[in-house]
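Structure, as structure tokens:
Just so you know, these numbers come straight off a predicted model, no measurement behind them. Just so it is clear: chains get the letters A, B, ... in the order the sequence lines come, proteins before strands, and each one is counted from 1.
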Amino acid sequence: MTEDGKLSGDKKNWSRELENQIKERVNSLSWNFSPYSGKEIFSLDTPPPYTSGRPWHLGAAAQYSKIDIIGRAQRMLGREVLFPVGMDRNGIPVERYTEKKYGIRMRDTQREEFLNLCKTSLDELEKEMLEILHSFGYSGDFNNIYRTDSPEYRALTQSTFIEMWERGMITRGTRPSNYCIDCGTTIADAEIEYAEIDTKLVYFYFKIKDSDDRILVASTRPELLAACSAILVNPADERFKDFAGKTAITPLYNKEVKIIPHAYAKAEFGSGAVMICSYGDYNDVQIIKELKLEENITINTNGRMNEKAGEKLSGLNVKNARTEIIKLLQDNDFVEKIENIKHRTPMCDRSKTPIEIIPLNEYYVKVTEIRDKLEELAHKLEVTPPQHRQILINWLKVSSDWPISRRRYYGTEIPLWYCNDCGESYVPEKGKYYRPWRESPPKNAVCGKCGGKEFTGDDRTFDTWMDSSVSALYVTKYLSDKDFHGKTYPMTLRPQGVDIIRTWLNYSILRCYLLTGELPWKKAWLDGMGLDEHGEKMSKSRGNGVDPTTVIEKYGADAFRFWAASEAMAGSNFMFSESRLQGSTKFLTKLWNVARLINQFPYRGEEIEVTSKSDEWIINYTKKLVNDCRKGYEELNPFIPSNKIREFLWNVFAPHYIELVKARAYGEGFSGMDKQSAVYTLNYVLKRLILLIAPITPFISETLWGELYSKEPVHYQRMPDECEVNMEIIELGEKLMEFNSKVWAIKKEKGLSLREGLKLEIPPELKVFGNDLKSMHNLTE
RNA sequence: GGGCCCGUGGUCUAGUGGUUAUGACGUCUGCUUGACGUGCAGAAGGUCAAGGGUUCGAAUCCCUUCGGGCCCACCA
């Protein structure tokens, strides 16, 4: 019981003020992880949030809340929990943020200076990010925050690259690459998204060499005409059978190209004849490779047409070049017609601009040759919910080698130098952080091929997924502590959203498998996405992202967390709704008031045998609740405990049991033994309720626990043990509740207040609850 | 075109073979009831997308259709 007999100043409801009073205490609890405690280890490879200035929307905060519930529950289930907090700080988003913030352009700024500005931005953004995490009571290990741009982390990224290099898992080559003009770098397939864009399909004629005939070609990329190396027609297409094998002359450029029969050309699309250019799309890449056609690149990496595109187009950007060439073709009577179509265009997911396919020399992780193995691993990994496994499998089936070099500044540097004499790569030793764009290679570096001693550093960085894909290795001290790593790897769980399956999940499996020969974790927990009130995916570009900070400030962290837990099954998409969030504040107030009542009847004694059937009933019901909640927590599904607890508290415990024993608890007309039994039982139930709900709503739980039961934090307690349940009495309890409803309905019908007396026979089977029932309804028989 | 998921009262959501289908929000009616009006009690509202099949019995299993979402492929 509280000192003055009143719960927190006798406030009638759980509020933001009460939450703020306890916040500091709960957030400052520490969790020291030791792999040597002897307890079963439960480790989480949680997503290091991207500190990029991308506002964190509510869906992300809800997801992290659920992850935190999983972590807290595992502690209370008696596991040794490794729950690291990381900050993902590399890559393009922060560079863009910095450019915007300071009104500068990365490539016009001195690299060192630009990096410093990025760092300043990151430190500010990280501070905000940490505040948000604290605002909803995230309980990861804030004493050991890891940052993917720290020298230690980057040393790991580089070391693992070197290791892969030495083992022949990296390849280098000039391949047609997804090139984002806006970002000025190659990007991976996984970083591409598609958009339906209005495009003109231009039908225009090529002359046939030594003939008056013409062949009609349809293209959405006429500006690539100078890069055209062939025209394909379907072998079965009657319209073109006379043209097959002949040579056509490109309009305007007057270049000779072969007309080749090939199944890729579909008679029903466009004019039936397609021009192959380097490179309009992925099909061009395939066809040019297959037919060994000439490559003729007309777009520079700055996004402008080069001199090969001809005088009229040279220097124009792609969009203007397209307009210009259409005009030229029209002026010279080559155009038959122009159709407006929707075209699915590959876009860079960072800059939202169309990508170009340009051959560039890049480094790749060899994926293609181990694809089958990856698929096997994907089947071996436990996935919850299991249906999401398919997203990974689908992606693995089509994924190809992963380009990992980026022509950017703020990222982990590629740790390579090149011999000035012969160009051979110089690979340094593992374990250190290297910055080849500004540092000389290690002393005494000698070219392994020609013996040269002069080197030039690579000035590129890695794809940021090269960093984040080894988070499981970093937090288990792969390089720094063999013993620790041995105890903690593979980790227990990778919790993340379905949106980054093809990147983070996929690349983590790939990288960790290549390095350790094992999956990085036993299980992956794949959560759905946050949707707005209309069921649309929240995103920055749609402008419908809800700011979690204002919501949490308004309703409180516990209400927010309870909402996140109870809104949808883990793995399903969840829709944000303010009214439903209000519903969870109501629930917390209900819990608060139940505790306020029970606080009047403190119980500090030993366990006792209860004297009443009502007490026996609710104790068994509580045991069943304990079992259900434990199961839900073990299944990593906060939806189950949150809803089970809400239903029990609101629909069983408060309206039926509490009403049943009120008189007995106040001690009117009952023996001291009976009173004690009621008081004991009320506390038995409440104590367990607080323990069960503590992972979900840490603040109200700690407040109640601290004021009612113990100064030792609830979060350091164990969950109640699983127990045997007497199901017979629970079934009898169902009849009891039905009877209560019946009495209430009769009184309502007769216009009686609930306290007024009523003459009614108690059914024989319910006679065991006799005295409680009589006092509850004021019954006379 | 291929794969996966989903379709339950106005809205959202449980329920994967067994009596009158769960809960929340909303709606309506009544209520100072020894904690809670952010409450209490009661009520209305569902052919469990449609059709067929399996079964003694189907929201639940199977098939078909329709509708929605996601992923992949194709898109000159």
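- Note on A:Ser579: only backbone sugar-phosphate atoms sit closer than 4.0 angstrom, heavy atoms only; bases stay farther off.
- Among the atoms of the strands shown, none is found under 4.0 Å from any heavy atom of A:Trp592.
- To the nearest whole angstrom, the two P atoms, one in B:C5 and one in B:A58, are 24 Å apart.
- For the pair A:Arg371 and A:Glu375, the salt-bridge criterion is not met [side-chain N within less than 4.0 Å of a carboxylate O].
- In this view, A:Phe576 and A:Trp563 satisfy the ring-ring contact (aromatic ring centres under 6.0 Å, His included) rule, not counting sequence neighbours.
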Letter by letter from the 5' end, nucleotides 8-14 of chain B scores (B base, S sugar-phosphate only, - none; protein heavy atoms under 4.0 Å) ----BSS
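- In terms of polar N and O atoms assigned as donor or acceptor, the side chain of A:Lys12 never comes within less than 3.5 Å of the base of B:A35 in a complementary pairing.
- In terms of modelled atom types and a separation under 3.5 Å, the side chain of A:Arg664 and the main chain of A:Phe670 share no donor-acceptor contact.
- Nearest nucleotide to the A:Leu754 side chain, out of B:C72, B:C74, B:A41: B:A41.
- With both ends at atom C1', the span from B:G9 to B:G53 equals 28 Å, rounded to whole Å.
- Within 4.0 Å (heavy atoms only), A:Ile598 reaches no atom of the nucleic acid at all.
- Taking atom CG of A:Leu526 as the reference point, atom C1' of B:C70 lies 14 Å away to the nearest angstrom.
- Each of A:Ala745 and A:His388 lies near RNA chain B, and the nucleotide nearest A:His388 is the one positioned closer to the 5' end.
- With C1' as the reference atom, B:A21 and B:A14 are 10 Å apart, rounded to whole Å.
- Between the P atom of B:A73 and the CD1 atom of A:Ile391 lies a distance of 14 Å, rounded to the nearest Å.
- Of the P atoms belonging to B:A59 and B:U20, the separation is 11 Å, rounded to the nearest Å.
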Evaluate ring-ring contact (aromatic ring centres under 6.0 Å, His included) for A:Tyr555 paired with A:Phe560, printing each intermediate quantity in order.
CA-CA 7 Å; A:Tyr555 295 100; A:Phe560 178 75; 9.6 Å; no
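- Screening residues 336-346 of chain A for salt bridge (Lys or Arg N to Asp or Glu O under 4.0 Å), with sequence neighbours left out, gives A:Asp198-A:Lys342, A:Lys337-A:Glu339.
- Across the P atoms, B:G15 and B:G23 are found 14 Å apart, a figure rounded to whole Å.
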For A:Trp744 and A:His656, run ring-ring contact (aromatic ring centres under 6.0 Å, His included): C-alpha distance rounded to whole Å, both residues' side-chain angles, the deciding distance at 0.1 Å, then the answer.
CA-CA 12 Å; A:Trp744 286 322; A:His656 294 281; 5.5 Å; yes
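- You'll find that the side chain of A:Gln390 is closest to B:C4, out of B:C4, B:U33, B:C75.
- By the side-chain contact (heavy atoms from CB on, under 4.5 Å) test, A:Glu19 is found to be paired with A:Trp14, A:Arg16, A:Lys23, A:Ala557, A:Asp558, A:Phe699, residues two or more places apart in sequence or in another chain being considered.
- In this structure, A:Asn283 reaches the B:C75 phosphate: one of its side-chain N or O atoms is under 4.0 Å from OP1 or OP2.
- One P atom belongs to B:U22, the other to B:G10, and the distance between them is 16 Å to the nearest Å.
- Across the C1' atoms, B:G46 and B:U27 are found 16 Å apart, a figure rounded to whole Å.
- Residues satisfying the ring-ring contact (aromatic ring centres under 6.0 Å, His included) test with A:Phe334, not counting sequence neighbours, are none.
- Picking from B:A35, B:G23, B:G34 the nucleotide with the shortest atom distance to the side chain of A:Asn651 gives B:G23.
- Within 3.5 Å, a donor on the side chain of A:Glu659 pairs with an acceptor on the base of B:A35, or the reverse.
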For A:Trp592 and A:Ser8, what are the C-alpha separation, side-chain angles and deciding distance, and is it a side-chain contact (heavy atoms from CB on, under 4.5 Å)?
CA-CA 10 Å; A:Trp592 180 254; A:Ser8 277; 3.6 Å; yes
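- Sorted by first and then second residue, the pairs that involve residues 216-231 of chain A and meet salt bridge (Lys or Arg N to Asp or Glu O under 4.0 Å), not counting sequence neighbours, are A:Arg221-A:Glu223, A:Arg221-A:Glu356, A:Glu223-A:Arg322.
- For A:Ile658, whose side chain is taken as the heavy atoms from C-beta onward, the closest listed nucleotide among B:A35, B:C40, B:C75 is B:A35.
- With hydrogens and angles left out, the side-chain atoms of A:Asn599 and A:Arg596 include no donor and acceptor closer than 3.5 Å.
- Positionally, the nearest nucleotide of RNA chain B for A:Trp395 lies more toward the 5' end than for the other of A:Leu232 and A:Trp395.
- Partner of A:Glu567 under the salt bridge (Lys or Arg N to Asp or Glu O under 4.0 Å) criterion, out of A:Lys66, A:Arg580, A:Arg646, A:Arg561: A:Arg580 alone.
- The side chain of A:Arg344 sits closest to B:C74 out of B:C71, B:G34, B:C74.
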Using the rule given for salt bridge (Lys or Arg N to Asp or Glu O under 4.0 Å), can you reason through A:Lys554 versus A:Glu578, listing the C-alpha separation, both sets of side-chain angles and the distance that settles it, and then say yes or no?
CA-CA 11 Å; A:Lys554 191 166 167 195; A:Glu578 200 154 344; 2.7 Å; yes
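- Contact annotation for A:Trp14: no contact, since no heavy-atom pair falls under 4.0 Å across all strands.
- Among the heavy atoms of the strands lying under 4.0 Å from A:Arg502 are primed sugar atoms or P, OP1, OP2 only; no base atom is included.
- Taking the six-membered ring where tryptophan is involved, the planes of A:Trp465 and A:Tyr507 are tilted, since the angle between them lies from 30° to 60°.
- Residue A:Val594 is in base contact, counting any heavy-atom pair closer than 4.0 Å across all strands shown.
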Applying salt bridge (Lys or Arg N to Asp or Glu O under 4.0 Å), run through A:Glu647 and A:Lys644 and close with a yes or a no.
CA-CA 5 Å; A:Glu647 279 182 48; A:Lys644 292 274 180 196; over 6 Å; no
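- Taking A:Lys289 as the reference, nothing meets the salt bridge (Lys or Arg N to Asp or Glu O under 4.0 Å) condition, with sequence neighbours excluded.
- Applying the side chain to side chain donor-acceptor pair (under 3.5 Å) test to every pair with at least one member in residues 271-280 of chain A, sequence neighbours left out, gives these pairs: A:Tyr279-A:Glu295.
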Do A:Glu731 and A:Lys735 pass the salt bridge (Lys or Arg N to Asp or Glu O under 4.0 Å) test, and can you show the C-alpha distance, the side-chain angles, and the key distance before you say yes or no?
CA-CA 7 Å; A:Glu731 278 151 32; A:Lys735 294 198 175 105; over 6 Å; no
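- In terms of polar N and O atoms assigned as donor or acceptor, the side chain of A:Glu668 comes within less than 3.5 Å of the base of B:G34 in a complementary pairing.
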Report the secondary structure of RNA chain B in dot-bracket form, marking unpaired bases with a dot and bases paired to a different strand with |, and treating Watson-Crick or G-U pairs with both distances under 3.5 Å as paired.
((((((((.[[[..)..(....]]].(((((.......))))).....[[[[[..)....]]]]])))))))....
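- At a non-hydrogen distance threshold of 4.0 Å, A:Ser741, A:Trp744 from residues 734-744 of chain A come into contact with RNA chain B.
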Nucleotide N/O of nucleotides 26-29 of chain B paired with protein N/O under 3.5 Å:
from: B:U29; atom 1: O2; to: A:Lys748; atom 2: NZ; distance (Å): 3.2

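- At the heavy-atom level, A:Asn643 lies nowhere under 4.0 Å from the strands shown.
- Remark: A:Tyr264, A:Ala265, A:Lys266, A:Phe269, A:Ala273, A:Val274 in residues 263-280 of chain A come within less than 4.0 Å of RNA chain B through at least one heavy atom.
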